[in-house]
Amino acid sequence: MRLIFLGPPGAGKGTQATRIVAKHGIPQLSTGDMLRAAVAAGTPVGLKAKAVMDAGGLVSDEIVIGIVADRIEEPDAKKGFILDGFPRTLAQAEALDAMLAQKGLKLDKVLELRVDQDKLVDRIVRRAEDARAAGQPVRKDDDPEVFKTRLAAYNRDTAIVAPYYEKRGQLTPIDGMQPIDQVAAAIEQALAG
Ligand code: AMP
């Protein structure tokens with residue numbers, strides 16, 4: 001099964017993707033996680049990406065497409081994957097199409113978590129508080145001001161990606177404002193259909 005998770009930052013993509021991993025045994029390919037790992041490891045990609053990420057902007061298409069192209073070649077991605085946080089631009093969506101076509105692979109579903117953007121800043125403040133309370137590191141870009149920049153980047157560059165898949169009849173919208181378990185149930189229903 002090959003899936004894409006779309007939705008603004010803070011919509012719950014990571015939380016729901018983790019559940020799909022547990023239930024369906026396919027890996028979650030989060031470009032945000034891969035970039036954070038590159039930053040932590042101080043790789044050339046990480047060095048280029050750090051300032052952009054800290055400021056809430058988008059890392060270049062070239063870098064992100066390269067990371068995904070390498071990642072889907074890994075053995076664990078052969079049985080399928082969930083893309084979380086990619087594609088985030090039309091250029092990335094087109095590059096993904098080309099990558100999959102070249103391998104003769106098809107996407108099964110594109111799930112879009114739809115949320116009320118006015119509620120997202122509160123969610124992100126809570127995510128930071130929860131991480132702090134659990135003694136985990138708080139993401140630098142989960143600061144409310146940086147978060148607003150991330151949301152602006154989403155509305156400017158990423159919001160057009162969902163209609164790209166909708167036109168092809170591949171998009172399934174999910175109400176992301178429901179409690180986590182209900183969102184998970186709606187996703188399972190969509191995957192079964
Ligand atoms: P995320 O964990 O998905 O919220 O991503 C954290 C940050 O990583 C984003 O704010 C961007 O700076 C960068 N990033 C992650 N995925 C992408 C992508 N597909 N294209 C561009 N930048 C990305």
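For the single chain, residues carry numbers from 1 onward in sequence order. We count ligands from 1, going down the list as the structure has it; atoms in each ligand are counted the same way. These numbers come from the heavy atoms of this one structure, side chains and all, not from hydrogens, waters or symmetry mates.
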For Gln92, take its heavy atoms, then give the atoms of ligand 1 lying under 4.0 Å from any of them. 18 (C), 19 (N), 20 (N), 21 (C)

Do me a favour and list the nearest non-hydrogen protein atom to atom 13 (C) of ligand 1 with residue, atom name and distance? Leu35 CD1, 3.6 Å

Report whether Leu6 and Leu90 are members of the same hydrophobic cluster (ILVMFWY, side-chain heavy atoms less than 4.5 Å apart, transitive linking). yes

Identify the protein heavy atom lying closest to atom 16 (N) of ligand 1, giving its residue, its atom name and the separation to 0.1 Å. Thr31 OG1, 2.7 Å

Atoms in ligand 1 with a heavy atom of Val64 nearer than 4.0 Å: 18 (C), 19 (N), 20 (N), 21 (C)

Kindly say whether Asp141 contributes a backbone atom to a donor-acceptor pair with the side chain of Arg150 at under 3.5 angstrom? yes

Among all protein non-hydrogen atoms, which one is nearest to atom 22 (N) of ligand 1, and what is the separation to 0.1 Å? Val59 N, 3.1 Å

Please report which non-hydrogen protein atom sits nearest to atom 12 (O) of ligand 1, along with the residue it belongs to and the distance in Å to one decimal place. Gly57 O, 2.5 Å

Lys119: side-chain contact (heavy atoms from CB on, under 4.5 Å) partners, not counting sequence neighbours: Asp116, Met177

Counting only N and O atoms by type, is there a donor-acceptor contact under 3.5 Å from the side chain of Gln16 to the main-chain atoms of Gly12? no

Fellow cluster residues of Val21, listed by chain then number, with links counted only when side-chain atoms sit under 4.5 Å apart: Met1, Leu3, Phe5, Ile20, Ile26, Ile82, Leu111, Leu113, Ile174, Val183, Ile187, Leu191

Among all protein heavy atoms in this structure, tell me which lies nearest to atom 8 (O) of ligand 1, with the distance rounded to 0.1 Å. Met53 CE, 3.4 Å

Backbone N or O of Ala11 within a donor-acceptor pair of the Arg123 side chain at under 3.5 Å? yes

For ligand 1, indicate whether the residue Arg150 contacts it via side chain, backbone, both or neither (heavy-atom separation under 4.0 Å). side chain

Could you tell me whether the side chain of Lys50 and the main chain of Arg36 form a donor-acceptor pair under 3.5 Å? no

For atom 9 (C) of ligand 1, what's the nearest protein heavy atom and its distance? Arg88 NH2, 3.7 Å

Please confirm whether Lys13 comes under 4.0 Å of ligand 1, counting heavy atoms of the residue only. no

Can any side-chain N or O of Lys109 pair as donor or acceptor with the backbone N or O of Thr172 at less than 3.5 Å? no

Quick one: does any side-chain atom of Lys13 pair with a main-chain N or O of Gly85 as donor and acceptor, under 3.5 Å? no

Can you confirm, on distance only, whether ligand 1 has an N/O atom lying under 3.5 Å from any N/O atom belonging to Gly85? yes

With heavy atoms of Asp141 as the reference, note each atom of ligand 1 found under 4.0 Å away. 6 (C)

If we only count N/O pairs under 3.5 Å, is Ser30 in contact with ligand 1? no

Mark up the atoms of ligand 1 that fall under 4.0 Å of a heavy atom belonging to Arg139, in ascending order. 1 (P), 2 (O), 4 (O), 6 (C)

